[in-house]
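What follows is a single structure, written as structure tokens, with notes after it.
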Protein chains: 2
Amino acid sequence: MSDAPSRSIGAVGTIRQALAEQIGQGLLPPNGKLPAERRLSELFDTTRITLREALSQLEAEGLIYREERRGWFVSPARVRYNPLARTHFHAMVEAQGRTPATEVLQARLVPASGEVCALLALPALSKVIQIRRVRRIDGRQVLYVEHNLNPAYFPGLLELDLTRSLTELYAGEYGIRYGRVRFEITPIALAADAALALRAAAGSPALQITRVNRDQLDRIIDCDLEYWRHDAIQVSVEVPEQTE
Amino acid sequence: MSDAPSRSIGAVGTIRQALAEQIGQGLLPPNGKLPAERRLSELFDTTRITLREALSQLEAEGLIYREERRGWFVSPARVRYNPLARTHFHAMVEAQGRTPATEVLQARLVPASGEVCALLALPALSKVIQIRRVRRIDGRQVLYVEHNLNPAYFPGLLELDLTRSLTELYAGEYGIRYGRVRFEITPIALAADAALALRAAAGSPALQITRVNRDQLDRIIDCDLEYWRHDAIQVSVEVPEQTE
DNA sequence: GCTCCATTTTGGACTAGACCAGATTGACGA
DNA sequence: TCGTCAATCTGGTCTAGTCCAAAATGGAGC
């Protein structure tokens, strides 16, 4: 898009371009594993440190990703995500020709953290229903979510099948539909717990999306703390209509 | 927020925590420069490579940032940014008690790129008014923007003072106000041109925000390609009201 | 065919340097 | 006082390894 730098790009740049080109040509399929670091460093006739520097840059660009102690893989295309849309994860992913999956890690009633109390506008030390889940796209863990529900609106929810979409549960069991939404997006590094769930290295680049959801009566019903692998999504917000 | 890992965190982790703690305590002021890498590596009794690994992690977390060949600095607090709001950059920054500044790099009539044509819904090879600017907060370059305006709506704009807010120019000179907005947020690595303008290293983590703006008559008037230093902002979207 | 265990492979972390080029700085002269 | 230039400092890049622990693998035994 701009003029090419005339000066040499160095070994790291060479490796980066070579791998990027191979990926672009489709020679390395999405989610395919790259050769071992040692093998690649031989291939490019360099040290592992230099090679890893190049891999890190490709990771930052979102072309490849790493699974902790498991190796490097080619990033599939990003999924478009509109936090304002009321469709649930499965519908959104399937609409884009991909295969979603959800795994429940924990579901329990706990004292809310200070942050969550503030988001839900609850008094200090309130209890909330906390649900932790990992979401996959085409088998790859891309999203770690912590849902925090105001228990007043969802009696007996912990007895239900939480593998189902929460959106469906809300509507089917409680007659609650999503209304207004507020959300915040912050680029961060993955903390240990989220990293573990995503099979990523702690400190990996990620996108934190915090949502506060209201129902059709404008009551705050829950908040989600989402942690996305940074190469997995493209947030796309289209406001249907805007009133003055 | 979760249980601490019991196993040793290693040298990198130790350095990370030590620096994070010093920054948290305010011993290193925002935008203050860290000691030279060699000095820090002596201080922590390790090699520069290991030290740089720790600095990179802190960079990923958004605690520190780097200026190309100039050193490492402490990141100031993030600025909240609502891409749906119609306030301009200066107003937004000042409202948060910070000092904004804008610099115009280029302003000219050029053939639009394919991407820009698509965003503006213009036929191929259309000309657009391209304005490239760098925005600062408290002296630090945080945003590189490329505005692309449909020239049909802005005759003679290139003769005007472009240091002023575009929002003001639109309203004052052309009677055009912002209406509906669509935007996309993607975590990327900085390309060479944006990196240069932001005094960052090419490949640094960044947030790309692409906006397509319409006026009060719902005509597409321009699109912005924004590149933010990833530690500088927190995107915060509050939808005022939502119609079905 | 399946489980379990030992071996091998692989990524994670770290050491101890070197060389280069851009940025900073301070001394010198106009 | 100010601008120029040279010395110095500093980050950017790279070499050539080592040690460790987790993951993958493949074979033995049931």
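Chain A is the first sequence line, chain B the second, and so forth, proteins listed ahead of strands; every chain is numbered from 1. Being a predicted model, the structure only gives us computed values, none of them experimental.
- The interatomic distance linking A:Lys33 (NZ) with D:dA23 (P) rounds to 13 Å, in whole Å.
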Assess the residue pair B:Glu184 and A:Arg80 against the criterion (salt bridge (charged side-chain N to carboxylate O under 4.0 Å, His left out)); give the C-alpha distance rounded to whole Å, side-chain angles, the decisive distance to 0.1 Å, and a yes or no.
CA-CA 9 Å; B:Glu184 295 190 346; A:Arg80 295 168 73 93; 2.5 Å; yes
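- No contact: A:Arg199 has no heavy atom under 4.0 Å from any strand.
- Both the sub-6.0 Å distance and the 45° axial angle are satisfied by B:Arg140 relative to the ring of B:Tyr65.
- One can place CD of B:Glu42 at 13 Å from P of D:dC9, the figure rounded to the nearest angstrom.
- A tilted orientation is assigned to the rings of A:Phe89 and A:Trp228, their planes being inclined by 30° to 60°.
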Within the 4.0 Å limit for protein heavy atoms, which parts of nucleotides 12-21 of chain D are touched? Write it as a string from 5' to 3', B for base, S for sugar-phosphate only, - for none.
BBBBB----B
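- Atom CZ in A:Arg39 sits about 15 Å away from atom P in D:dA24, given to the nearest Å.
- Without hydrogens or angle criteria, A:Arg133 side chain to A:His147 main chain gives no donor-acceptor distance under 3.5 Å.
- No more than 12 heavy-atom neighbours from other residues, nucleotides or ligands sit within 6.0 angstrom of CZ on B:Arg39.
- Looking at B:Gln106 and B:Arg132, their side chains do bring a donor and an acceptor atom within 3.5 Å of each other.
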